[in-house]
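Here the structure comes first, spelled out in structure tokens, and everything after it is commentary.
What you are looking at is a predicted structure, and each value in this text was computed from that prediction instead of being measured. In what follows, chains carry the letters A, B, and so on, assigned in the order in which the sequence lines appear, proteins first and then strands, with residues in each chain numbered from 1.
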Amino acid sequence: MKISDTLTNQKKELEFSDKVRIYLCGVTVYDQSHIGHARTIIVFDTLRRFLEANDIPVELIQNFTDVDDKIINRAKEQGESASGLSTKYIQTYFEDSDRLNIKRATNYPKATEHIKDMINLIEELVTKESAYVSKNGVYFRVSKFSEYGKLSKKKTEDLESGSRVEIDESKESPLDFALWKFSDTQPNWESPWGNGRPGWHIECSAMSIKYLGKNFEIHGGGRDLIFPHHENEIAQSESFTSEQFAKIWMHAGMITINGEKMSKSIGNVKSINHVLESWGPNVVRLFCISGHYSKPIDYTEDLLKENLIRLRQIETCYYELRLADKTEESDDISSLLKESREKFDAALNDDFNTSLGLSVFFNMVKTINSLASDEKINKTISEQALPVLEYMLEVLGLKVQTVSDDEIKSIFELINKREKLRDEKKFEEADKIRDQIASLGISLIDHKNKTLWMKKEAIKAEKQ
RNA sequence: GGUGAUGUGGCAGAGCGGUUAUGCGUGAGCCUGCAAAGCUUAUCUAAAGGGGUUCGACUCCCCUCGUCACCUCCA
């Protein structure tokens with residue numbers, strides 16, 4: 001598999017020995033997560049699913065930043081403790097994540113639980129003179145790391161002249177960033193240099209090295225983290241280990257609203273919860289992987305609607321296959337299935353091109369639906385196609401509503417009853433049964449000679 | 001100002017130096033007691049603009065213009 005690496009700016013073969021280790025920068029838990037967070041998480045969840053579905057073990061670590069000025073300030077505003085606030089939003093994070101059908105990461109380390117690891121790392125950096133103690137804290141000495149700027153392609157001279165940061169006289173250079181900030185107020189921790197809190201960047205260095213080692217396969221996050229966060233992580237980690245840090249830097253594009261990035265100040269933030277409420281997990285997932293992961297996606301109702309329609313086609317396809325009972329001879333689609341699977345995998349293997357993968361997927365779905373419309377789905381086709389469809393659904397993290405064999409039986413009984421009434425032209429009574437079936441979440445699909453049905457995901461936005 | 005991206009049909013969005021991307025939308029039709037869903041078919045003479053390279057460029061090179069992101073916290 002090849003993945004575009006931000007550092008070298010080219011597609012790089014994903015090489016690994018026993019497993020693929022991925023570190024994904026998580027969220028700062030001071031508020032609900034939004035659709036932009038969801039996109040990044042979905043991209044990496046889908047990547048992980050793809051690798052695992054192809055028997056490649058994955059270790060995925062995603063952190064929570066649970067100590068930060070934003071959290072402290074927000075907690076103060078709400079008259080709550082910082083830890084209380086972050087605990088609350090970690091919980092809502094998991095609720096969102098579960099509803100989005102995100103597989104749980106291997107581990108979700110929290111910054112506050114790794115203070116010791118950070119201090120050790122900082123100590124080593126101080127020893128190596130890559131860091132120094134000043135009046136306000138411990139700072140990373142950027143001048144000591146000659147490759148600074150290699151990820152974001154920035155030159156230190158440019159950064160210095162274009163710097164908008166307030167000049168802190170206690171720093172040797174305006175580019176130096178905090179590893180440890182002195183503070184006497186809670187939450188704070190003891191350190192060899194004085195009480196305080198860790199800087200943001202150091203936590204990811206400490207936790208990624210702790211859980212994944214000095215050089216792991218993929219480091220991921222949103223594009224907006226390239227500078228300064230990931231740039232600083234590289235500086236810290238490589239100064240510490242004297243080795244190359246992550247092998248591939250993979251960055252997900254932003255979600256925009258009307259072409260603009262979401263931000264609190266513009267007030268255009270869409271929470272995951274809010275979007276899920278209207279559109280449900282499958283549409284959101286389809287939406288988030290509809291374009292190449294590295295490019296931005298503009299959030300519009302039209303795009304979500306389009307993906308809802310596509311979801312309906314998937315549901316139809318699944319049920320046509322699931323409920324197939326014909327035994328007569330029909331078309332042979334085994335080569336189509338084989339080709340679809342191959343092209344699907346090839347698309348994802350080439351820089352995780354989900355957009356192209358989806359087009360292959362929908363090609364297959366449409367072909368099956370078209371056969372179904374002609375009532376040509378037999379048991380052979382069903383047995384061949386279902387595993388391929390289910391494989392793709394698993395990779396894409398899509399979950400169609402399923403039914404048990406018992407449910408199938410009772411639904412068919414109702415349908416037969418309705419058919420009989422329809423034959424007798426007792427349409428009112430037939431429609432009553434249709435309503436009854438609908439109340440079970442089942443929609444009927446009338447073909448020429450038989451009535452098929454499916455359990456559709458209820459989607460609020462559809463009704464408007 | 002610096003850096004990095006990007007500019008494809010009504011919309012979304014891929015690939016590719018010469019072959020229909022795909023999907024949505026729209027029109028017509030099939031099915032139907034009605035409905036919904038689904039399906040069929042058609043449709044839009046797509047490549048920001050200007051130069052090159054080439055037998056041939058949407059695809060490679062150069063210039064111009066536009067858009068976005070980052071340069072402060074940000075997924």
Q.
Tell me whether A/Asp431 is salt-bridged to A/Arg434, with the criterion being a basic N under 4.0 Å from an acidic carboxylate O.
A. yes
**Q.** Touch class at under 4.0 angstrom, heavy-atom based, for A/Asn353 against every strand present
**A.** sugar-phosphate
Q | Atom pair distance, as rounded to whole Å: NZ in A/Lys305 and C1' in B/C24 | A | 11 Å
Q: Using the P atoms only, state how far B/U43 lies from B/A21, rounded to an integer number of Å.
A: 13 Å
**Q.** Proximal nucleotide (of B/A75, B/C71, B/C39) relative to the A/Gln313 side chain
**A.** B/C39
Q) How close or far is atom C1' of B/C24 from atom CD1 of A/Ile314, stated in whole angstroms? A) 14 Å
(Q) Checking base pairs now: Watson-Crick or wobble, both atom distances under 3.5 Å. What partners B/A69? (A) B/U3
Q. Taking 4.0 angstrom as the limit, do A/Glu157 and A/Lys155 come out as a salt bridge?
A. no
Q) With a 4.0 Å cut-off on heavy atoms, is A/Thr300 in touch with a base, just the backbone sugar-phosphate, or nothing at all? A) nothing
Q: Specify the separation, in whole Å, of atom CD of A/Glu306 and atom C1' of B/C11.
A: 8 Å
Q.
If I pick the C1' atom on B/A57 and the same atom on B/G52, what distance separates them, to the nearest angstrom?
A. 12 Å
Q: Write down the distance separating the C1' atoms in B/C65 and B/G25, rounded off to the nearest Å.
A: 30 Å
Q) Hey, is the main chain of A/Phe412 close enough, under 3.5 Å, to the side chain of A/Asn416 for a donor-acceptor pair? A) yes
Q: Taking only the side-chain heavy atoms of A/Cys25 (C-beta and beyond), determine which of B/G23, B/A37, B/A75 contains the nearest atom.
A: B/A75
Q. Rounded to the nearest Å, what distance is computed from the CD1 atom of residue A/Ile202 to the C1' atom of nucleotide B/C73?
A. 18 Å
Q) Expressed in whole Å, how much space separates the P atoms belonging to B/G13 and B/G2? A) 29 Å
Q: Just call it for A/Gly221: base, sugar-phosphate, or nothing, with non-hydrogen atoms closer than 4.0 Å on any strand.
A: sugar-phosphate
Q. Going through the checks in order, is the salt bridge (charged side-chain N to carboxylate O under 4.0 Å, His left out) test met by A/Glu429 and A/Lys432?
A. CA-CA 5 Å; A/Glu429 287 172 61; A/Lys432 245 181 221 163; over 6 Å; no
Q. Choosing from B/A37, B/G25, B/A5, which nucleotide comes nearest the side chain of A/Arg312?
A. B/A37
Q.
Regarding A/Lys305 and A/Glu301, does a basic nitrogen lie under 4.0 Å from an acidic carboxylate oxygen?
A. no
Q) With sugar-phosphate meaning primed atoms plus P, OP1 and OP2, does A/Arg310 contact a base, only sugar-phosphate, or nothing at under 4.0 Å between heavy atoms? A) sugar-phosphate
(Q) Starting the side chain at C-beta, find the nucleotide from B/A75, B/C24, B/A37 nearest to A/Lys366. (A) B/C24
Q: May I ask you to say what A/Ile297 touches in the nucleic acid, namely base, sugar-phosphate or nothing, with a heavy-atom cut-off under 4.0 Å?
A: nothing
Q.
Please classify the nucleic acid contact of A/Asn369 as base, sugar-phosphate, or nothing, using heavy-atom distances under 4.0 Å.
A. sugar-phosphate
(Q) Any base atoms under 4.0 Å from A/Glu315, or only sugar-phosphate, or nothing? Heavy atoms, all strands. (A) nothing
Q.
Can you tell me which nucleotide in B/A14, B/A75, B/C70 comes closest to the side chain of A/Phe227?
A. B/C70
Q: Just compare B/C71, B/A12, B/A37 and give me whichever is closest to any side-chain atom of A/Leu303.
A: B/A12
Q: Please tell me which of the listed nucleotides, B/C70, B/A36, B/A21, lies nearest to the side chain of A/Lys456?
A: B/A36
**Q.** Salt-bridge criterion met for A/Asp69 and A/Arg197 (N-O under 4.0 Å)
**A.** yes
Q) Taking the side chain from A/Glu59 and the backbone from A/Val20, do they hold a donor-acceptor pair closer than 3.5 Å? A) no
Q: Compare all side-chain heavy atoms of A/Gln236 with those of A/Ile202 and state whether any distance is below 4.5 angstrom.
A: yes
Q: Have a look at A/Lys155 and say if it touches a base, only the backbone sugar-phosphate, or nothing, with a 4.0 Å heavy-atom cut-off.
A: nothing
Q) When you compare B/C63 with B/U20, how far apart are their P atoms, in angstrom units rounded to a whole number? A) 34 Å
Q: Provide the Watson-Crick or G-U wobble partner of B/U54, both distances under 3.5 Å; none if there is no partner.
A: none
**Q.** Pair partner, B/U41 [Watson-Crick or wobble, under 3.5 Å]
**A.** B/G27
Close N or O pairs between protein and nucleotides 31-33 of chain B (under 3.5 Å):
unit_1, atom_1, unit_2, atom_2, d
B/G33, O6, A/Arg422, NE, 3.4
B/G33, N1, A/Asp431, OD1, 3.0
B/G33, N2, A/Asp431, OD2, 2.9

Q) Between atom CZ in A/Phe344 and atom P in B/A14, what is the gap in whole Å? A) 16 Å
Q: Examine the base of B/A14 for any acceptor or donor lying under 3.5 Å from a partner atom in the side chain of A/Ser355, and report the outcome as yes or no.
A: no
Q) Starting at CG of A/Asp224 and ending at P of B/C70, how long is that distance when rounded to a whole Å? A) 7 Å
Q) Roughly how far apart, to the nearest Å, are B/U67 and B/C16 at atom P? A) 29 Å
Q | Separation of the C1' atoms in B/U6 and B/G49, to the nearest angstrom | A | 16 Å
**Q.** Sub-6.0 Å ring centroid separation between A/His114 and A/Tyr211
**A.** yes
Q.
Using atom C1' in both nucleotides, what's the gap between B/A5 and B/G10 to the nearest angstrom?
A. 26 Å
Q: Mind checking A/Gly26 for me? I need base, sugar-phosphate or nothing, with any heavy atom below 4.0 Å counting as a touch.
A: sugar-phosphate
Q.
Once you apply a heavy-atom cut-off of 4.0 Å, does A/Lys154 come out as touching a base, just sugar-phosphate, or nothing?
A. base
**Q.** Gap between atoms NZ and P, on A/Lys432 and B/C34 respectively (whole Å)
**A.** 21 Å
**Q.** Proximity to the side chain of A/Met262 - top-ranked nucleotide from B/G25, B/A75, B/A37
**A.** B/A75
(Q) What contact category does A/Ser443 fall into here, base, sugar-phosphate, or nothing, at under 4.0 angstrom with non-hydrogen atoms? (A) nothing
Q.
Below the 4.0 Å mark, does B/A14 have OP1 or OP2 next to a side-chain nitrogen or oxygen of A/Lys295?
A. yes
Q: Ignoring hydrogens and angles, tell me if any N or O in the side chain of A/Asp351 forms a donor-acceptor pair with the backbone of A/Ser4 under 3.5 Å.
A: yes
Q) 5'-most contact on RNA chain B: A/His229 or A/Ile226, nearest heavy atom basis? A) A/Ile226
Q: Go through B/A21, B/A75, B/C73 for me and flag the one nearest to the A/His34 side chain.
A: B/A75
Q. Closest nucleotide of RNA chain B for A/His201 versus for A/Glu260: which of these residues is on the 5' side?
A. A/Glu260
Q: Scan A/Leu452 against the nucleic acid and name what it touches under 4.0 Å (heavy atoms): base, sugar-phosphate only, or nothing.
A: nothing
Q) Once the angle between the rings of A/Trp249 and A/His251 is folded into 0 to 90°, is it parallel (under 30°), tilted (30 to 60°) or perpendicular (over 60°)? A) parallel
Q: Please report, rounded to the nearest Å, how far the C1' atom of B/A75 is from the NE2 atom of A/His219.
A: 12 Å
(Q) Main chain of A/Gly253, side chain of A/Arg39: is a donor-acceptor contact present, judged purely on distance under 3.5 Å? (A) yes
